[in-house]
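So that the names make sense, note that chain A is the first sequence line, chain B the second, and so on, each numbered from 1.
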Amino acid sequence: MSGLKVYNSYTRQKELFEPITKGHVGMYVCGPTVSGESHLGHARPFITFDVVFRYLMHLGYKVRYVRNITDAGHFEEEGREAEDKISKKAVLEKLEPMELVQKYTNLFHWAMHEFNNLEPTIEPTATGHIVEQIEMIKKIISAGYAYEVNGSVYFDVRKYADNYPYGKLSGRVLDDLQSASSRSEIGRELDGQDEKHNREDFALWKQAAPEHIMRWVSPWGIGFPGWHIECSAMSSKYLGEQFDIHGGGMDLMFPHHESEIAQSSICHGGHEPARYWLHNNMITINGKKMGKSYGNQIMLTHLFSGQHPLLQQAYSPMTIRFFILQTHYRSTLDFSNEALQASEKGLKRMWEAYQNLNKILSDNAGIAEGGSDETLVAKVMRLSSELDEFMMDDLNTAKVLANMFELVPVINSLKDGHIKLNDIGLRTLTELQTKFHTYLESVFGLKGESEKEDGKLGGVLQLLAEIRKDARSKKDYATSDKIRNQLQQLGIDMKDEKDGGVSISFS
RNA sequence: GGUCCUGUGGCCGAGUGGCUAGGCAGAGCUCUGCAAAAGCUCCUACACCAGUUCGAAUCUGGUCGGGACCUCCA
(Lines give C-alpha, C1' and ligand atoms only; values in the text may rest on other atoms or scores of the structure.)
Protein backbone atom coordinates (compact mmCIF):
# COMPACT_ATOMS: atom_id res chain seq x y z
CA MET A 1 0.00 0.00 0.00
CA SER A 2 1.41 3.31 -1.07
CA GLY A 3 -0.24 5.50 1.55
CA LEU A 4 -2.44 8.55 1.47
CA LYS A 5 -1.16 11.59 -0.35
CA VAL A 6 -2.71 15.00 0.08
CA TYR A 7 -2.05 18.34 -1.52
CA ASN A 8 -0.63 20.60 1.14
CA SER A 9 -1.39 24.24 0.40
CA TYR A 10 1.47 25.23 2.68
CA THR A 11 4.14 23.54 0.57
CA ARG A 12 2.14 23.57 -2.67
CA GLN A 13 2.69 19.95 -3.41
CA LYS A 14 1.25 16.54 -2.79
CA GLU A 15 2.75 14.94 0.28
CA LEU A 16 2.53 11.60 1.93
CA PHE A 17 0.26 11.96 4.93
CA GLU A 18 1.97 10.99 8.15
CA PRO A 19 0.26 11.89 11.40
CA ILE A 20 2.21 13.29 14.32
CA THR A 21 1.00 10.51 16.58
CA LYS A 22 0.81 7.12 14.97
CA GLY A 23 -2.73 5.98 14.48
CA HIS A 24 -4.27 9.29 15.50
CA VAL A 25 -5.25 12.33 13.49
CA GLY A 26 -6.18 15.79 14.69
CA MET A 27 -8.14 17.83 12.19
CA TYR A 28 -9.49 21.35 12.50
CA VAL A 29 -11.93 22.81 10.01
CA CYS A 30 -13.21 26.37 10.02
CA GLY A 31 -16.91 26.19 10.73
CA PRO A 32 -19.80 28.49 9.94
CA THR A 33 -20.47 32.01 11.09
CA VAL A 34 -23.96 31.61 12.46
CA SER A 35 -25.24 35.05 11.68
CA GLY A 36 -27.30 33.82 8.76
CA GLU A 37 -28.42 30.92 6.65
CA SER A 38 -25.97 28.63 4.91
CA HIS A 39 -25.92 28.57 1.14
CA LEU A 40 -24.72 26.05 -1.41
CA GLY A 41 -21.17 27.35 -1.27
CA HIS A 42 -21.00 26.62 2.44
CA ALA A 43 -21.98 23.03 1.83
CA ARG A 44 -18.78 22.24 -0.02
CA PRO A 45 -16.18 22.37 2.79
CA PHE A 46 -18.43 20.59 5.24
CA ILE A 47 -19.14 17.76 2.82
CA THR A 48 -15.55 17.65 1.61
CA PHE A 49 -14.09 17.40 5.08
CA ASP A 50 -16.78 15.03 6.22
CA VAL A 51 -15.47 12.70 3.52
CA VAL A 52 -11.91 13.32 4.70
CA PHE A 53 -13.03 12.50 8.24
CA ARG A 54 -14.81 9.35 7.12
CA TYR A 55 -11.94 8.26 4.91
CA LEU A 56 -9.33 8.70 7.62
CA MET A 57 -11.45 6.56 9.91
CA HIS A 58 -11.85 4.03 7.14
CA LEU A 59 -8.06 3.88 6.92
CA GLY A 60 -8.04 2.98 10.59
CA TYR A 61 -7.11 6.28 12.18
CA LYS A 62 -8.67 7.50 15.34
CA VAL A 63 -9.67 11.03 14.40
CA ARG A 64 -10.42 14.03 16.50
CA TYR A 65 -12.35 16.35 14.23
CA VAL A 66 -12.85 19.86 15.56
CA ARG A 67 -15.12 22.23 13.74
CA ASN A 68 -15.97 25.52 15.38
CA ILE A 69 -19.06 27.65 15.44
CA THR A 70 -18.28 31.32 14.98
CA ASP A 71 -20.89 33.01 17.10
CA ALA A 72 -18.92 35.93 18.44
CA GLY A 73 -19.45 38.11 15.43
CA HIS A 74 -16.21 39.25 13.95
CA PHE A 75 -16.13 42.45 11.96
CA GLU A 76 -17.99 42.86 8.80
CA GLU A 77 -15.42 45.45 7.89
CA GLU A 78 -12.59 45.41 10.27
CA GLY A 79 -12.47 48.43 12.49
CA ARG A 80 -15.34 50.11 10.79
CA GLU A 81 -17.98 51.49 13.11
CA ALA A 82 -17.23 48.66 15.50
CA GLU A 83 -20.17 46.87 14.02
CA ASP A 84 -20.37 43.16 13.81
CA LYS A 85 -22.56 40.87 11.79
CA ILE A 86 -24.34 39.28 14.68
CA SER A 87 -25.11 42.45 16.54
CA LYS A 88 -26.41 44.13 13.41
CA LYS A 89 -28.56 41.20 12.39
CA ALA A 90 -29.89 40.85 15.90
CA VAL A 91 -31.13 44.41 15.80
CA LEU A 92 -32.75 43.83 12.42
CA GLU A 93 -34.49 40.66 13.50
CA LYS A 94 -35.32 42.03 16.94
CA LEU A 95 -33.58 39.16 18.63
CA GLU A 96 -31.15 38.83 21.47
CA PRO A 97 -27.75 38.07 19.90
CA MET A 98 -27.64 34.63 21.44
CA GLU A 99 -31.17 33.98 20.24
CA LEU A 100 -30.09 34.74 16.72
CA VAL A 101 -26.98 32.62 17.03
CA GLN A 102 -29.05 29.75 18.37
CA LYS A 103 -31.49 29.99 15.51
CA TYR A 104 -28.86 29.77 12.82
CA THR A 105 -26.84 27.18 14.67
CA ASN A 106 -29.90 24.95 14.75
CA LEU A 107 -30.52 25.56 11.08
CA PHE A 108 -26.92 24.73 10.28
CA HIS A 109 -27.08 21.49 12.25
CA TRP A 110 -30.27 20.56 10.47
CA ALA A 111 -28.60 21.07 7.08
CA MET A 112 -25.55 19.05 8.12
CA HIS A 113 -27.87 16.24 9.18
CA GLU A 114 -29.71 16.39 5.86
CA PHE A 115 -26.38 16.00 4.10
CA ASN A 116 -25.66 12.96 6.25
CA ASN A 117 -22.51 14.58 7.57
CA LEU A 118 -21.15 12.97 10.68
CA GLU A 119 -20.95 15.25 13.67
CA PRO A 120 -17.50 16.56 14.45
CA THR A 121 -16.03 15.10 17.60
CA ILE A 122 -15.80 18.56 19.14
CA GLU A 123 -17.76 21.60 18.04
CA PRO A 124 -16.55 24.53 20.14
CA THR A 125 -18.04 28.00 20.03
CA ALA A 126 -16.13 31.24 19.94
CA THR A 127 -18.21 32.76 22.73
CA GLY A 128 -17.38 29.79 24.90
CA HIS A 129 -13.67 30.46 24.54
CA ILE A 130 -13.27 34.16 25.25
CA VAL A 131 -10.97 33.38 28.16
CA GLU A 132 -8.66 31.29 26.00
CA GLN A 133 -8.58 33.99 23.37
CA ILE A 134 -7.70 36.66 25.91
CA GLU A 135 -4.93 34.46 27.29
CA MET A 136 -3.51 34.02 23.85
CA ILE A 137 -3.58 37.73 23.13
CA LYS A 138 -1.78 38.38 26.41
CA LYS A 139 0.91 35.95 25.34
CA ILE A 140 1.35 37.65 22.01
CA ILE A 141 1.64 41.05 23.67
CA SER A 142 4.24 39.84 26.13
CA ALA A 143 6.18 38.28 23.29
CA GLY A 144 6.28 41.74 21.75
CA TYR A 145 4.24 41.00 18.65
CA ALA A 146 1.11 42.92 19.52
CA TYR A 147 0.33 46.37 20.85
CA GLU A 148 -2.61 48.07 22.48
CA VAL A 149 -4.18 51.27 21.28
CA ASN A 150 -7.31 52.76 22.85
CA GLY A 151 -8.55 49.48 24.22
CA SER A 152 -7.90 47.56 21.03
CA VAL A 153 -5.04 45.19 20.38
CA TYR A 154 -3.35 44.72 17.02
CA PHE A 155 -0.92 42.13 15.76
CA ASP A 156 2.36 43.55 14.49
CA VAL A 157 2.63 41.88 11.12
CA ARG A 158 5.73 43.72 10.01
CA LYS A 159 7.72 42.64 13.03
CA TYR A 160 6.47 39.10 12.61
CA ALA A 161 7.49 39.07 8.95
CA ASP A 162 11.03 40.08 9.93
CA ASN A 163 11.45 36.86 11.87
CA TYR A 164 8.98 34.39 10.37
CA PRO A 165 7.87 33.36 6.89
CA TYR A 166 4.78 35.54 6.78
CA GLY A 167 2.75 35.02 3.61
CA LYS A 168 4.08 31.56 2.87
CA LEU A 169 0.68 29.90 2.89
CA SER A 170 -1.09 32.41 0.69
CA GLY A 171 1.93 33.34 -1.42
CA ARG A 172 1.87 36.92 -0.34
CA VAL A 173 4.69 39.41 -0.09
CA LEU A 174 4.33 42.13 2.48
CA ASP A 175 5.39 44.92 0.17
CA ASP A 176 2.84 43.89 -2.42
CA LEU A 177 0.17 43.99 0.20
CA GLN A 178 1.10 47.52 1.10
CA SER A 179 1.01 48.76 -2.42
CA ALA A 180 -2.29 47.01 -2.97
CA SER A 181 -3.99 48.53 0.03
CA SER A 182 -2.75 51.96 -0.87
CA ARG A 183 -4.58 51.72 -4.16
CA SER A 184 -7.78 53.57 -3.61
CA GLU A 185 -10.00 51.36 -5.77
CA ILE A 186 -9.05 48.26 -3.81
CA GLY A 187 -7.86 49.22 -0.37
CA ARG A 188 -10.57 50.78 1.72
CA GLU A 189 -10.11 53.63 4.07
CA LEU A 190 -10.65 51.80 7.31
CA ASP A 191 -11.50 53.64 10.49
CA GLY A 192 -9.15 51.63 12.64
CA GLN A 193 -6.35 52.40 10.27
CA ASP A 194 -4.99 55.32 12.27
CA GLU A 195 -4.71 53.12 15.35
CA LYS A 196 -2.60 50.57 13.59
CA HIS A 197 1.14 50.97 13.26
CA ASN A 198 0.91 49.49 9.78
CA ARG A 199 -1.97 48.85 7.47
CA GLU A 200 -1.39 45.12 7.31
CA ASP A 201 -1.73 44.69 11.07
CA PHE A 202 -4.88 42.91 12.12
CA ALA A 203 -7.06 43.15 15.20
CA LEU A 204 -6.77 40.64 18.01
CA TRP A 205 -9.17 42.51 20.25
CA LYS A 206 -11.45 45.43 19.55
CA GLN A 207 -12.86 47.91 21.94
CA ALA A 208 -16.64 47.79 21.89
CA ALA A 209 -18.53 50.93 21.06
CA PRO A 210 -21.37 51.68 23.51
CA GLU A 211 -24.02 50.44 21.11
CA HIS A 212 -22.19 47.19 20.46
CA ILE A 213 -24.20 44.38 21.98
CA MET A 214 -21.69 41.57 22.27
CA ARG A 215 -19.05 42.60 24.80
CA TRP A 216 -16.69 41.08 27.28
CA VAL A 217 -14.35 42.37 29.95
CA SER A 218 -10.68 42.13 29.12
CA PRO A 219 -7.39 43.55 30.38
CA TRP A 220 -7.79 46.23 27.71
CA GLY A 221 -11.31 47.22 28.56
CA ILE A 222 -14.68 46.10 27.31
CA GLY A 223 -14.60 44.65 23.86
CA PHE A 224 -14.69 41.56 21.72
CA PRO A 225 -12.18 39.30 19.99
CA GLY A 226 -10.91 39.70 16.45
CA TRP A 227 -11.90 37.13 13.94
CA HIS A 228 -8.74 35.09 13.53
CA ILE A 229 -7.87 34.49 17.15
CA GLU A 230 -10.79 32.18 17.91
CA CYS A 231 -9.55 29.45 15.60
CA SER A 232 -6.05 29.62 16.99
CA ALA A 233 -7.33 29.44 20.56
CA MET A 234 -9.74 26.57 19.98
CA SER A 235 -7.55 24.47 17.73
CA SER A 236 -4.63 24.56 20.13
CA LYS A 237 -6.87 23.90 23.10
CA TYR A 238 -8.33 20.71 21.66
CA LEU A 239 -5.67 19.51 19.25
CA GLY A 240 -2.46 20.79 20.76
CA GLU A 241 0.09 23.33 19.65
CA GLN A 242 0.70 21.42 16.49
CA PHE A 243 -1.81 19.15 14.84
CA ASP A 244 -2.17 17.26 11.59
CA ILE A 245 -4.75 18.79 9.29
CA HIS A 246 -6.26 22.23 9.01
CA GLY A 247 -9.04 22.57 6.48
CA GLY A 248 -11.27 25.25 5.06
CA GLY A 249 -12.26 27.06 1.92
CA MET A 250 -9.61 28.56 -0.33
CA ASP A 251 -10.97 32.00 0.31
CA LEU A 252 -9.90 31.70 3.93
CA MET A 253 -6.24 31.29 3.07
CA PHE A 254 -5.76 35.00 3.29
CA PRO A 255 -6.01 36.69 5.63
CA HIS A 256 -7.63 34.21 7.99
CA HIS A 257 -5.31 31.23 7.88
CA GLU A 258 -2.22 33.35 7.37
CA SER A 259 -3.14 35.24 10.53
CA GLU A 260 -3.79 32.02 12.40
CA ILE A 261 -0.32 30.82 11.54
CA ALA A 262 1.21 34.08 12.74
CA GLN A 263 -0.64 34.10 16.05
CA SER A 264 -0.05 30.47 16.79
CA SER A 265 3.60 30.59 15.83
CA ILE A 266 4.22 33.35 18.36
CA CYS A 267 2.35 31.54 21.11
CA HIS A 268 3.68 28.08 20.44
CA GLY A 269 7.41 28.26 20.08
CA GLY A 270 7.64 29.41 16.50
CA HIS A 271 6.23 26.45 14.65
CA GLU A 272 3.18 26.44 12.42
CA PRO A 273 -0.02 25.15 13.99
CA ALA A 274 -0.83 22.56 11.35
CA ARG A 275 1.28 20.26 9.22
CA TYR A 276 -1.12 19.83 6.34
CA TRP A 277 -3.32 22.63 5.07
CA LEU A 278 -6.16 21.43 2.88
CA HIS A 279 -8.33 23.88 0.99
CA ASN A 280 -11.42 23.20 -1.02
CA ASN A 281 -12.21 25.34 -4.04
CA MET A 282 -15.30 27.46 -4.54
CA ILE A 283 -18.70 26.74 -5.99
CA THR A 284 -19.41 29.14 -8.81
CA ILE A 285 -22.55 30.22 -10.55
CA ASN A 286 -22.21 31.47 -14.09
CA GLY A 287 -18.50 31.30 -13.52
CA LYS A 288 -18.58 33.63 -10.52
CA LYS A 289 -17.95 32.58 -6.97
CA MET A 290 -21.10 32.10 -4.96
CA GLY A 291 -20.87 34.44 -2.03
CA LYS A 292 -22.60 37.17 -0.20
CA SER A 293 -20.49 39.87 -1.76
CA TYR A 294 -21.85 38.89 -5.15
CA GLY A 295 -25.41 38.49 -3.97
CA ASN A 296 -25.72 35.27 -5.92
CA GLN A 297 -26.13 32.72 -3.16
CA ILE A 298 -28.72 30.01 -3.20
CA MET A 299 -29.63 29.04 0.35
CA LEU A 300 -29.73 25.38 1.25
CA THR A 301 -33.35 25.65 2.34
CA HIS A 302 -34.22 27.02 -1.10
CA LEU A 303 -32.23 24.33 -2.81
CA PHE A 304 -34.05 21.60 -0.92
CA SER A 305 -37.44 23.17 -1.59
CA GLY A 306 -36.86 24.45 -5.10
CA GLN A 307 -38.15 27.89 -4.11
CA HIS A 308 -35.76 30.16 -5.95
CA PRO A 309 -35.97 31.95 -9.30
CA LEU A 310 -32.83 30.21 -10.53
CA LEU A 311 -34.05 26.74 -9.65
CA GLN A 312 -36.10 24.66 -12.05
CA GLN A 313 -36.84 22.13 -9.34
CA ALA A 314 -35.91 21.05 -5.83
CA TYR A 315 -32.66 19.17 -5.34
CA SER A 316 -32.24 16.70 -2.54
CA PRO A 317 -29.37 16.79 -0.08
CA MET A 318 -27.98 13.57 -1.51
CA THR A 319 -28.08 14.97 -5.03
CA ILE A 320 -26.04 17.93 -3.86
CA ARG A 321 -23.63 15.70 -2.00
CA PHE A 322 -23.17 13.56 -5.09
CA PHE A 323 -22.79 16.65 -7.25
CA ILE A 324 -19.98 17.90 -5.03
CA LEU A 325 -18.23 14.53 -4.96
CA GLN A 326 -18.27 14.22 -8.74
CA THR A 327 -15.66 16.97 -8.85
CA HIS A 328 -12.23 17.01 -7.30
CA TYR A 329 -12.32 19.17 -4.18
CA ARG A 330 -9.62 21.53 -5.40
CA SER A 331 -11.45 22.44 -8.60
CA THR A 332 -14.14 25.01 -8.90
CA LEU A 333 -17.58 23.57 -9.39
CA ASP A 334 -20.10 25.43 -11.48
CA PHE A 335 -23.72 25.38 -10.45
CA SER A 336 -26.47 24.92 -13.02
CA ASN A 337 -29.81 23.18 -13.16
CA GLU A 338 -28.52 20.97 -15.92
CA ALA A 339 -25.52 19.88 -13.86
CA LEU A 340 -27.63 19.19 -10.78
CA GLN A 341 -30.15 17.22 -12.82
CA ALA A 342 -27.32 15.18 -14.28
CA SER A 343 -26.14 14.38 -10.76
CA GLU A 344 -29.63 13.49 -9.66
CA LYS A 345 -30.00 10.97 -12.45
CA GLY A 346 -26.50 9.65 -12.08
CA LEU A 347 -26.96 9.08 -8.39
CA LYS A 348 -30.23 7.27 -8.98
CA ARG A 349 -28.59 4.94 -11.48
CA MET A 350 -25.64 4.32 -9.20
CA TRP A 351 -27.79 3.67 -6.19
CA GLU A 352 -30.11 1.28 -7.97
CA ALA A 353 -27.13 -0.68 -9.24
CA TYR A 354 -25.82 -0.84 -5.68
CA GLN A 355 -29.15 -2.18 -4.47
CA ASN A 356 -29.21 -4.71 -7.29
CA LEU A 357 -25.77 -5.84 -6.23
CA ASN A 358 -26.91 -6.29 -2.65
CA LYS A 359 -29.92 -8.24 -3.84
CA ILE A 360 -27.83 -10.55 -5.97
CA LEU A 361 -25.55 -11.31 -3.06
CA SER A 362 -28.26 -11.79 -0.49
CA ASP A 363 -29.43 -14.77 -2.51
CA ASN A 364 -26.13 -16.23 -3.55
CA ALA A 365 -26.85 -19.94 -3.25
CA GLY A 366 -25.02 -21.99 -5.81
CA ILE A 367 -22.68 -19.37 -7.18
CA ALA A 368 -19.25 -20.80 -7.84
CA GLU A 369 -16.44 -19.33 -5.77
CA GLY A 370 -14.18 -18.46 -8.66
CA GLY A 371 -15.43 -16.81 -11.84
CA SER A 372 -15.11 -18.63 -15.14
CA ASP A 373 -14.71 -15.51 -17.25
CA GLU A 374 -11.17 -14.47 -16.53
CA THR A 375 -11.35 -11.30 -18.60
CA LEU A 376 -14.41 -10.16 -16.70
CA VAL A 377 -12.93 -11.00 -13.34
CA ALA A 378 -9.73 -9.18 -14.17
CA LYS A 379 -11.63 -6.12 -15.33
CA VAL A 380 -13.78 -5.96 -12.24
CA MET A 381 -10.83 -6.50 -9.94
CA ARG A 382 -8.82 -3.81 -11.67
CA LEU A 383 -11.61 -1.25 -11.52
CA SER A 384 -12.26 -2.10 -7.88
CA SER A 385 -8.70 -1.85 -6.69
CA GLU A 386 -8.20 1.40 -8.55
CA LEU A 387 -10.82 2.93 -6.28
CA ASP A 388 -8.35 2.77 -3.41
CA GLU A 389 -5.55 4.21 -5.52
CA PHE A 390 -7.68 7.15 -6.59
CA MET A 391 -8.68 8.00 -3.05
CA MET A 392 -5.11 7.70 -1.86
CA ASP A 393 -4.11 10.19 -4.51
CA ASP A 394 -5.39 13.37 -2.89
CA LEU A 395 -8.92 12.11 -2.39
CA ASN A 396 -9.98 11.93 -6.00
CA THR A 397 -13.64 11.22 -5.45
CA ALA A 398 -14.40 12.12 -9.07
CA LYS A 399 -12.26 9.30 -10.39
CA VAL A 400 -13.62 6.88 -7.84
CA LEU A 401 -17.15 7.58 -9.00
CA ALA A 402 -16.14 7.34 -12.66
CA ASN A 403 -14.78 3.85 -12.07
CA MET A 404 -17.86 2.86 -10.17
CA PHE A 405 -19.98 3.99 -13.09
CA GLU A 406 -17.97 1.68 -15.29
CA LEU A 407 -18.94 -1.15 -13.00
CA VAL A 408 -22.64 -0.31 -13.07
CA PRO A 409 -23.32 -2.04 -16.44
CA VAL A 410 -21.61 -5.16 -15.13
CA ILE A 411 -23.87 -5.24 -12.10
CA ASN A 412 -27.02 -4.57 -14.10
CA SER A 413 -26.06 -7.24 -16.62
CA LEU A 414 -25.66 -9.73 -13.80
CA LYS A 415 -29.08 -8.78 -12.55
CA ASP A 416 -30.69 -9.13 -15.96
CA GLY A 417 -28.83 -12.32 -16.71
CA HIS A 418 -26.79 -10.92 -19.58
CA ILE A 419 -23.82 -12.06 -17.58
CA LYS A 420 -24.01 -15.34 -15.70
CA LEU A 421 -23.28 -15.20 -11.99
CA ASN A 422 -20.79 -18.02 -12.40
CA ASP A 423 -18.88 -15.97 -14.95
CA ILE A 424 -17.89 -13.54 -12.25
CA GLY A 425 -17.95 -15.87 -9.25
CA LEU A 426 -18.78 -15.29 -5.62
CA ARG A 427 -15.32 -14.12 -4.62
CA THR A 428 -15.21 -11.25 -7.09
CA LEU A 429 -18.84 -10.45 -6.51
CA THR A 430 -18.25 -10.14 -2.80
CA GLU A 431 -15.24 -7.94 -3.34
CA LEU A 432 -17.30 -5.73 -5.61
CA GLN A 433 -20.05 -5.43 -3.06
CA THR A 434 -17.57 -4.63 -0.30
CA LYS A 435 -16.07 -1.84 -2.36
CA PHE A 436 -19.43 -0.36 -3.25
CA HIS A 437 -20.53 -0.45 0.34
CA THR A 438 -17.29 1.06 1.57
CA TYR A 439 -17.18 3.96 -0.81
CA LEU A 440 -20.83 4.76 -1.35
CA GLU A 441 -21.93 4.49 2.24
CA SER A 442 -18.98 4.56 4.62
CA VAL A 443 -16.66 7.01 2.89
CA PHE A 444 -18.89 9.14 0.68
CA GLY A 445 -21.71 9.13 3.18
CA LEU A 446 -24.44 8.61 0.62
CA LYS A 447 -27.71 6.98 1.54
CA GLY A 448 -30.93 5.91 -0.05
CA GLU A 449 -33.40 8.71 -0.06
CA SER A 450 -36.91 7.50 -0.38
CA GLU A 451 -37.27 4.42 1.70
CA LYS A 452 -40.22 5.92 3.46
CA GLU A 453 -42.50 3.04 2.73
CA ASP A 454 -44.36 1.86 5.79
CA GLY A 455 -46.04 -1.47 6.23
CA LYS A 456 -49.51 -0.41 5.22
CA LEU A 457 -48.46 1.36 2.06
CA GLY A 458 -46.37 -1.64 1.13
CA GLY A 459 -49.38 -3.87 1.51
CA VAL A 460 -51.52 -1.61 -0.63
CA LEU A 461 -48.89 -1.48 -3.32
CA GLN A 462 -48.59 -5.23 -3.25
CA LEU A 463 -52.31 -5.49 -3.76
CA LEU A 464 -52.22 -3.06 -6.67
CA ALA A 465 -49.40 -5.00 -8.22
CA GLU A 466 -51.45 -8.18 -8.02
CA ILE A 467 -54.53 -6.58 -9.52
CA ARG A 468 -52.41 -5.20 -12.27
CA LYS A 469 -50.84 -8.57 -12.89
CA ASP A 470 -54.26 -10.18 -13.23
CA ALA A 471 -55.36 -7.46 -15.61
CA ARG A 472 -52.29 -7.97 -17.73
CA SER A 473 -52.79 -11.69 -17.89
CA LYS A 474 -56.25 -11.00 -19.29
CA LYS A 475 -54.74 -8.45 -21.66
CA ASP A 476 -56.79 -5.78 -19.94
CA TYR A 477 -54.13 -3.17 -20.60
CA ALA A 478 -56.46 -0.27 -19.94
CA THR A 479 -56.59 -1.27 -16.30
CA SER A 480 -52.94 -2.17 -15.95
CA ASP A 481 -51.80 1.08 -17.54
CA LYS A 482 -54.19 3.07 -15.42
CA ILE A 483 -52.68 1.65 -12.26
CA ARG A 484 -49.16 2.28 -13.42
CA ASN A 485 -49.86 5.79 -14.70
CA GLN A 486 -51.78 6.92 -11.67
CA LEU A 487 -49.11 5.63 -9.35
CA GLN A 488 -46.49 7.39 -11.37
CA GLN A 489 -48.30 10.66 -10.89
CA LEU A 490 -48.07 10.05 -7.16
CA GLY A 491 -44.35 9.57 -7.48
CA ILE A 492 -44.38 5.81 -7.35
CA ASP A 493 -42.79 3.89 -10.20
CA MET A 494 -44.04 0.39 -10.90
CA LYS A 495 -41.75 -1.36 -13.35
CA ASP A 496 -42.14 -4.76 -14.95
CA GLU A 497 -39.04 -6.84 -14.57
CA LYS A 498 -37.74 -9.40 -16.99
CA ASP A 499 -38.45 -12.29 -14.65
CA GLY A 500 -42.14 -11.40 -14.58
CA GLY A 501 -41.92 -9.64 -11.23
CA VAL A 502 -42.57 -6.05 -10.43
CA SER A 503 -40.27 -3.48 -8.86
CA ILE A 504 -41.60 -0.51 -7.00
CA SER A 505 -39.62 2.61 -6.32
CA PHE A 506 -40.33 6.11 -5.13
CA SER A 507 -39.12 9.01 -7.19
C1' G B 1 -1.49 47.22 -9.86
C1' G B 2 0.44 42.56 -7.29
C1' U B 3 0.06 37.19 -6.47
C1' C B 4 -2.12 32.88 -8.19
C1' C B 5 -5.52 29.62 -10.77
C1' U B 6 -7.91 28.44 -15.22
C1' G B 7 -9.90 27.86 -20.64
C1' U B 8 -11.62 20.09 -22.36
C1' G B 9 -17.04 17.48 -27.03
C1' G B 10 -24.52 20.33 -26.31
C1' C B 11 -23.94 20.76 -20.51
C1' C B 12 -21.04 19.24 -15.97
C1' G B 13 -16.56 17.45 -15.27
C1' A B 14 -11.49 13.64 -14.69
C1' G B 15 -6.85 13.41 -16.65
C1' U B 16 -1.49 11.18 -17.88
C1' G B 17 3.74 13.49 -22.69
C1' G B 18 2.13 8.38 -26.75
C1' C B 19 -2.75 3.81 -24.73
C1' U B 20 -10.09 7.94 -27.09
C1' A B 21 -12.20 8.95 -17.93
C1' G B 22 -17.08 9.30 -16.28
C1' G B 23 -22.05 11.48 -15.71
C1' C B 24 -26.18 14.00 -18.17
C1' A B 25 -28.34 15.18 -22.85
C1' G B 26 -28.88 13.27 -28.12
C1' A B 27 -29.24 9.07 -32.08
C1' G B 28 -29.91 3.84 -33.31
C1' C B 29 -30.76 -1.21 -31.81
C1' U B 30 -32.28 -5.29 -28.21
C1' C B 31 -35.77 -6.59 -24.51
C1' U B 32 -41.17 -5.26 -23.60
C1' G B 33 -48.54 -5.76 -24.86
C1' C B 34 -46.98 -0.69 -24.33
C1' A B 35 -43.91 1.94 -21.06
C1' A B 36 -40.00 2.65 -17.82
C1' A B 37 -35.59 0.69 -16.48
C1' A B 38 -31.60 -2.01 -18.24
C1' G B 39 -28.03 -3.74 -21.96
C1' C B 40 -25.34 -2.88 -26.61
C1' U B 41 -23.65 0.72 -30.30
C1' C B 42 -22.73 5.76 -32.02
C1' C B 43 -21.58 11.07 -31.02
C1' U B 44 -13.68 10.98 -30.38
C1' A B 45 -13.13 17.25 -27.48
C1' C B 46 -9.06 19.56 -25.29
C1' A B 47 -9.10 28.70 -26.65
C1' C B 48 -5.40 30.57 -30.38
C1' C B 49 -0.16 31.02 -32.22
C1' A B 50 4.78 29.49 -32.00
C1' G B 51 8.48 26.25 -29.77
C1' U B 52 10.66 21.66 -27.31
C1' U B 53 9.91 16.35 -28.65
C1' C B 54 9.99 10.65 -32.70
C1' G B 55 5.23 12.17 -30.47
C1' A B 56 1.59 17.41 -26.59
C1' A B 57 -4.89 18.52 -24.80
C1' U B 58 -0.75 17.23 -21.25
C1' C B 59 6.01 20.76 -21.10
C1' U B 60 7.92 26.14 -22.52
C1' G B 61 6.93 31.14 -24.44
C1' G B 62 3.38 34.50 -26.35
C1' U B 63 -1.82 36.19 -27.51
C1' C B 64 -6.88 36.32 -26.16
C1' G B 65 -10.77 34.94 -22.63
C1' G B 66 -12.60 33.54 -17.61
C1' G B 67 -11.84 33.44 -12.40
C1' A B 68 -9.83 33.79 -7.16
C1' C B 69 -7.27 36.48 -3.40
C1' C B 70 -5.20 41.25 -1.94
C1' U B 71 -11.75 43.78 2.12
C1' C B 72 -16.34 40.17 5.29
C1' C B 73 -16.43 35.58 2.64
C1' A B 74 -16.66 28.21 2.66
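The only member of A:F46, A:F304, A:W110, A:F108 that meets ring pair (Phe, Tyr, Trp, His ring centres under 6.0 Å) when paired with A:F115 is A:F304.
Taking a pair as Watson-Crick or G-U wobble with both distances under 3.5 Å, the runs of three or more consecutive pairs in RNA chain B are B:1-7 with B:64-70, B:10-12 with B:22-24, B:26-30 with B:38-42, B:47-51 with B:59-63.
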Protein-nucleotides 24-28 of chain B N/O pairs under 3.5 Å:
{"from": "B:C24", "atom 1": "OP1", "to": "A:R349", "atom 2": "NE", "distance (Å)": "3.3"}
{"from": "B:A25", "atom 1": "OP1", "to": "A:K345", "atom 2": "NZ", "distance (Å)": "3.2"}

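Put simply, the side chain of A:D496 and the base of B:C34 share a donor and an acceptor less than 3.5 Å apart.
Considering only the side chain of A:S480, B:G33 comes nearest among B:G33, B:A74, B:C69. When the nucleotides B:C34, B:A74, B:A35 are ranked by their closest atom to the side chain of A:D481, B:C34 comes out on top. Distances from the side chain of A:R484 to the nucleotides B:G23, B:A35, B:A74 place B:A35 closest. In the set B:A74, B:A38, B:A21, the nucleotide with an atom closest to the side chain of A:R44 is B:A74. In this structure, of B:G13, B:C72, B:G39, it is B:G13 that holds the atom nearest to the side chain of A:L333.
For B:A38, the OP1/OP2 oxygens have no side-chain nitrogen or oxygen of A:S413 closer than 4.0 Å. Close to B:A74, at under 4.0 Å from its OP1 or OP2, lies a side-chain N or O of A:K292. Dashed line: the shortest gap from a side-chain N or O of A:K289 to OP1 or OP2 of B:C69 is under 4.0 Å. For A:Y294, no side-chain nitrogen or oxygen approaches OP1 or OP2 of B:U71 to under 4.0 Å.
Atom P of nucleotide B:A14 and atom CZ of A:R330 are separated by 11 Å, given to the nearest angstrom. Put simply, CG on A:L440 is 14 Å from C1' on B:G23, counting in whole angstrom units.
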_Residue pair A:F202, A:H228: steps toward the side chain to side chain contact (heavy atoms under 4.5 Å, CB included) verdict_ = CA-CA 9 Å; A:F202 58 87; A:H228 316 301; 3.6 Å; yes
